[in-house]
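Everything numeric here is computed off the predicted structure, so don't read it as measured data. For the single chain, residues carry numbers from 1 onward in sequence order.
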Amino acid sequence: MDFTSVEFYTIAFFVAMALVGFFVKQKATTPAASVLSSLNLVAAPQHDGASRLRLLAHDDGSVTIEREGLILSEGETVNLITTIIDDKITIQEKKGKISVFGGKEGVYNGHVDVTFFLENNKNYLRYESSVAGQWCKLAFNNYPGNMVEKDLSY
């Protein structure tokens, strides 16, 4: 075989790519899981105008998600639709029960305890609020006592 021929270099290229593919391993991902949660809402005693997300890690591995600054009509509810792929978590905040009579509008805070965060590990979270049209991204270490707070932005 001639070392200056196109065929030689074509075969050499494909052999090299096969060797690279053999030695490079892709990270195995788990199938996506979905979780539906409902925020426990309480009227905010005072409000500074900010929309905030707070995560609090507990000793048992659970995490409390606290949401401040939701502007809702009386009787409305808010659900969290969560998609989990390994350490990447996407939470979409959506209105559940919508008040058909309008009702008095007010500012509410909500919280829910969840268990889907990886324990003693770093989790990457994207939080999207269709209720307020805001979002945020953050990394959260789920170690007992850890707390992260982030303002949502437009």
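With sequence neighbours excluded, the residues that form a side-chain contact (heavy atoms from CB on, under 4.5 Å) with Tyr143 are Asn120, Asn141. Considering only residues two or more places apart in sequence or on other chains, Ala12 meets the side-chain contact (heavy atoms from CB on, under 4.5 Å) condition with none of them. Shown here are the ring-ring contact (aromatic ring centres under 6.0 Å, His included) partners of Phe140, two or more places apart in sequence or in another chain: Phe117. In terms of the side-chain hydrogen bond (donor to acceptor under 3.5 Å, both in side chains) criterion, residue partners of Asn79 (sequence neighbours excluded) are, by chain and number, Ser38. With sequence neighbours excluded, the residues satisfying salt bridge (Lys or Arg N to Asp or Glu O under 4.0 Å) with Glu128 are Arg126. Applying the salt bridge (Lys or Arg N to Asp or Glu O under 4.0 Å) rule to Lys95 yields the partners Glu76; only residues at least two apart in sequence or on another chain are considered. Listed by chain and number, the residues in a side-chain hydrogen bond (donor to acceptor under 3.5 Å, both in side chains) with Asp113 are Thr64 (sequence neighbours excluded). When the side-chain contact (heavy atoms from CB on, under 4.5 Å) test is applied to Ala16, no partner is found at least two apart in sequence or on another chain. Take Val15 and apply the side-chain contact (heavy atoms from CB on, under 4.5 Å) test, not counting sequence neighbours, and it matches Ile11, Leu19. Applying the side-chain hydrogen bond (donor to acceptor under 3.5 Å, both in side chains) test to Asp60 and every residue at least two apart in sequence or in another chain returns Ser62.
Contact detail for Val112 and Ser37: the closest heavy-atom pair is CG2-CB, 4.1 Å. Closest approach of Arg67 to Ser51, counting heavy atoms only: NH1-CB, 3.6 Å. Closest heavy-atom contact between Gly61 and Glu119: CA-CD, 3.6 Å. Considering every non-hydrogen atom in both Gly110 and Leu39, the closest pair reads C-CD2, 4.1 Å.
Residue Val107 shares its hydrophobic cluster (ILVMFWY side chains chained together at separations under 4.5 Å) with Ile71.
The distance from the CG atom of Leu118 to the CG atom of Asp86 is 7.5 Å, given to the nearest 0.5 Å. Going from atom OG1 of Thr90 over to atom CD1 of Ile81 covers 12.0 Å, rounded to the nearest 0.5 Å. To the nearest 0.5 angstrom, Ser73 atom OG is 11.5 Å from Lys104 atom NZ. With rounding to the nearest 0.5 angstrom, the OG1 atom of Thr82 is 8.5 Å from the OH atom of Tyr127. Residue Leu125 holds its CG atom at 7.0 Å from CD1 of Ile65, rounded to the nearest 0.5 Å. Rounding to the nearest 0.5 angstrom, the gap separating the CD atom in Gln134 from the CG atom in Leu53 is 11.0 Å.
Remark: side-chain polar atoms of Thr83 are not paired, donor with acceptor, to backbone N or O of Ser34 under 3.5 angstrom.
Hydrophobic cluster membership differs between Leu80 and Leu56, with clusters built from Ile, Leu, Val, Met, Phe, Trp and Tyr side chains linked at under 4.5 angstrom. Each of Met147 and Leu138 belongs to its own hydrophobic cluster when Ile, Leu, Val, Met, Phe, Trp and Tyr are linked at side-chain heavy-atom distances under 4.5 angstrom. Val63 and Val35 fall within a single hydrophobic cluster, where Ile, Leu, Val, Met, Phe, Trp and Tyr side chains are chained together by heavy-atom contacts under 4.5 Å.
Leu70 has its side chain within reach of Val78: a pair of non-hydrogen atoms, C-beta onward, lies under 4.5 Å apart. Contact check for Trp135 versus Ser153: side-chain heavy atoms found under the 4.5 Å cut-off.
Sorted by first and then second residue, the salt bridge (Lys or Arg N to Asp or Glu O under 4.0 Å) pairs with a member in residues 141-152 read Arg52-Glu149, Arg52-Asp151, Arg54-Glu149; sequence neighbours excluded.
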